[in-house]
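Comments concern the structure below.
Residue numbers start at 1 and run along the sequence shown.
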Amino acid sequence: MNKVLQYFKDNSFNNILNQEITVFGWQNKYQHQLISSVSKYLFEDLAINDNIAPLNDNNRPGTVKPKQYITIHDTGDADPIHSAKFWSETVFNQSWEQRPGEIVPYACSYQYVVDNEGVYHNIPDQEVAYHAGDGTRFDYVLYPTGVDAITSKPIITISDDGYYQLNGNTSLVKAPRIYREKNGEVLEDRVAKTTDLNDQSVLCKVVNGKYFIGETYFSSGYRYICNRGGNNNSIGIETCINEGTDLYYTWQKTAKLVAYLLDNNNLTIDDVVQHHYFSGKDCPMTIRHANLWGHFLELVKFELQIRMFMKEGFKIELVTNDKRVKANGRIIEVGTDPIRYIIRTTKDNLTEELELEIL
């Protein structure tokens, strides 16, 4: 068995994910039956529709910045007609029709937007876009903590006097003070606590055996300590949640796009973050509330590894006669009998197959 088939065998689904989830749109929330595919890999090519917005001061300033992250959003828009094409055109035109004849200005932007029908590219990858909520005054930067690195991902807390702690060791870096005011009245002014951290924590990297912490700030709107570098140093992806969509298919298409971007920008899975990481906003809300963020990252990891195998010259195919499965691996009907399928690989004129099943 070659290494590609072994990877599929070791990382295949044992059971179909068949879960009712709540989808959160600003118009309304609705229930959706989420059904996985036969594989974590989506058996179709990545097709990107370029619809690059014109240069302007509102949503495409044209400023080039190095990219350190991939940021995942969802549109928060349940309207059935608000597709990826709709939102791509909205970025392009800097406006959208909220109601017939009512044109609303739109100053946000993001590099990509994804739905069942396609992937749309709105802002060049290396340029700044306005999607993360952290402003553009501060770039991605690392500050020395003075703490020796013991693990790659330390437990980050905040000391009683407001300094970041790494695995219990107090650092040289002070957390931002918690401060809010409204109409000139101070609502809150205190030393930060660990409970003020956003639930994805703050950037911490190991450099030459030492921990370094990224630029952080207090997001007064959402009341969390968050990270900088979202607008300036990340590639933003909006995922559509409009009612009637196959949400799992959108997530798989997004995972394929993320794997492509990680590869092209020399980034790792640790650099894939939620919008919440930069502003404290509950976004991407649907995947967060379904507790499926970890599942999504597994899809990305799988897509990235298969991408590496294909670079080595492997051709990988899905073969199945089961009418419950589309050619790309999407399951369209759940039954009581297992779904059997074959992964076929070809390299250097050698074809090998592996039969798998999922129930």
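- Y224 has its ring centre no less than 6.0 Å from the ring centre of F218.
- More than 12 heavy atoms of other residues, nucleotides or ligands lie within 6.0 Å of CG in D161, so this atom counts as buried by the packing criterion.
- Atoms CD1 and CD1, from I156 and I213 in turn, are 5.0 Å apart once rounded to the nearest 0.5 Å.
- S95 and N93 are not linked by any side-chain donor-acceptor pair at a separation below 3.5 angstrom, with hydrogens and angles left out of the test.
- Note that CG of N198 and NE2 of H276 are 4.0 Å apart. Values are rounded to the nearest 0.5 Å.
- A donor-acceptor contact closer than 3.5 angstrom links the side chains of N2 and E352.
- H121 and D125 share a side-chain donor-acceptor pair at under 3.5 Å.
- In terms of the side chain to side chain donor-acceptor pair (under 3.5 Å) criterion, E333 has no residue partners (sequence neighbours excluded).
- A donor atom on one side chain and an acceptor atom on the other are not found under 3.5 Å apart for H32 and Y248.
- Taking the ring centre of F212 as origin, the terminal cationic atom of K205 falls outside the region bounded by 6.0 Å and 45° from the ring axis.
- Residue K29 holds its NZ atom at 13.0 Å from CD1 of I21, rounded to the nearest 0.5 Å.
- Between the side chains of N122 and S88, a donor-acceptor pair is found at a separation under 3.5 Å.
- D322 and R340 are not joined by a salt bridge, as no carboxylate oxygen comes within less than 4.0 angstrom of a charged side-chain nitrogen.
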Show, in sequence, the C-alpha distance, side-chain angles and deciding distance for E215 and R228, and conclude whether the salt bridge (Lys or Arg N to Asp or Glu O under 4.0 Å) test is met.
CA-CA 6 Å; E215 182 79 41; R228 295 287 191 184; 5.3 Å; no
Go through the steps to decide whether K301 and E303 satisfy the test salt bridge (Lys or Arg N to Asp or Glu O under 4.0 Å), and finish with yes or no.
CA-CA 6 Å; K301 290 177 189 175; E303 288 281 352; over 6 Å; no
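- Residues T71 and S234 have side chains that bring a donor and an acceptor to within less than 3.5 angstrom of each other.
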Before giving the answer on side-chain contact (heavy atoms from CB on, under 4.5 Å), spell out for V38 and L318 the whole-Å C-alpha distance, their side-chain angles and the decisive distance to 0.1 Å.
CA-CA 10 Å; V38 295; L318 172 70; 4.2 Å; yes
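- Counted by atom type alone, T22 and Q31 present one or more donor-acceptor pairs between their side chains at under 3.5 Å.
- Between the D196 side chain and the K193 main chain, a donor and an acceptor come within less than 3.5 Å of each other.
- In terms of modelled atom types and a separation under 3.5 Å, the side chain of S159 and the main chain of Y163 share a donor-acceptor contact.
- A donor-acceptor contact closer than 3.5 angstrom links the side chains of T346 and T351.
- In the model, S37 has a side-chain atom that pairs as donor or acceptor with a side-chain atom of R330 under 3.5 Å.
- Atoms CD1 and CD1, on I306 and I343 in that order, are 8.5 Å from each other to the nearest 0.5 Å.
- With ring centers used as reference points, Y30 lies 6.0 Å or more from F24.
- Side-chain atoms of T75 and E238 form no donor-acceptor pair, as typed in the model, at a separation below 3.5 Å.
- In summary, the side chains of N58 and Y130 do not present any donor paired with an acceptor at a separation below 3.5 Å, with no hydrogens or angles considered.
- Between the side chain of N231 and the backbone N or O of T136 there is no donor-acceptor pair closer than 3.5 Å.
- Side-chain N/O atoms of N11 and Q305 include no donor and acceptor closer than 3.5 Å.
- Between E357 and I339, every side-chain heavy-atom pair lies at or beyond the 4.5 Å cut-off.
- Checked by atom type and distance alone, the side chain of D50 never pairs as donor or acceptor with a backbone atom of I52 at under 3.5 Å.
- In this structure, the ring of Y110 has its center no less than 6.0 angstrom from the ring center of Y112.
- Atom CG of D74 sits about 8.5 Å away from atom CD1 of I287, to the nearest 0.5 Å.
- Here the two rings, on Y106 and W87, have centers that are under 6.0 Å apart.
- For the side-chain contact (heavy atoms from CB on, under 4.5 Å) with R344, the lone residue among L354, L5, I316, V319 that qualifies is V319.
- Of the possible polar contacts, none joining the H82 side chain to the D77 backbone as a donor-acceptor pair under 3.5 Å is found.
- N169 and Q165 are not linked by any side-chain donor-acceptor pair at a separation below 3.5 angstrom, with hydrogens and angles left out of the test.
- H73 has its ring centre less than 6.0 Å from the ring centre of H131.
- In this structure, the ring of Y7 has its center less than 6.0 angstrom from the ring center of F309.
- When atom types are taken as modelled, the side chain of N242 and the backbone of T245 share no donor-acceptor pair closer than 3.5 angstrom.
- Between S36 and the options V334, N15, N18, I16, a side-chain contact (heavy atoms from CB on, under 4.5 Å) holds for only I16.
- A84 and C240 make their closest contact through N-SG, 3.4 Å (heavy atoms, listed as atom of the first residue, atom of the second, distance).
- Going from atom CG of L257 over to atom CG of L42 covers 12.0 Å, rounded to the nearest 0.5 Å.
- More than 12 heavy atoms of other shown residues, nucleotides or ligands fall within 6.0 angstrom of atom CG in D10.
- Looking at T250 and N116, their side chains do bring a donor and an acceptor atom within 3.5 Å of each other.
- For F302 and F8, the distance between ring centers is under 6.0 angstrom.
- Between R60 and E127 a salt bridge is recorded (basic side-chain N to carboxylate O distance below 4.0 Å).
- H289 and D282 form a side-chain donor-acceptor contact under 3.5 Å, judged by distance and modelled atom types alone.
- Other members of the cluster containing V186 are Y179, with ILVMFWY side chains joined at under 4.5 Å, either directly or via other members.
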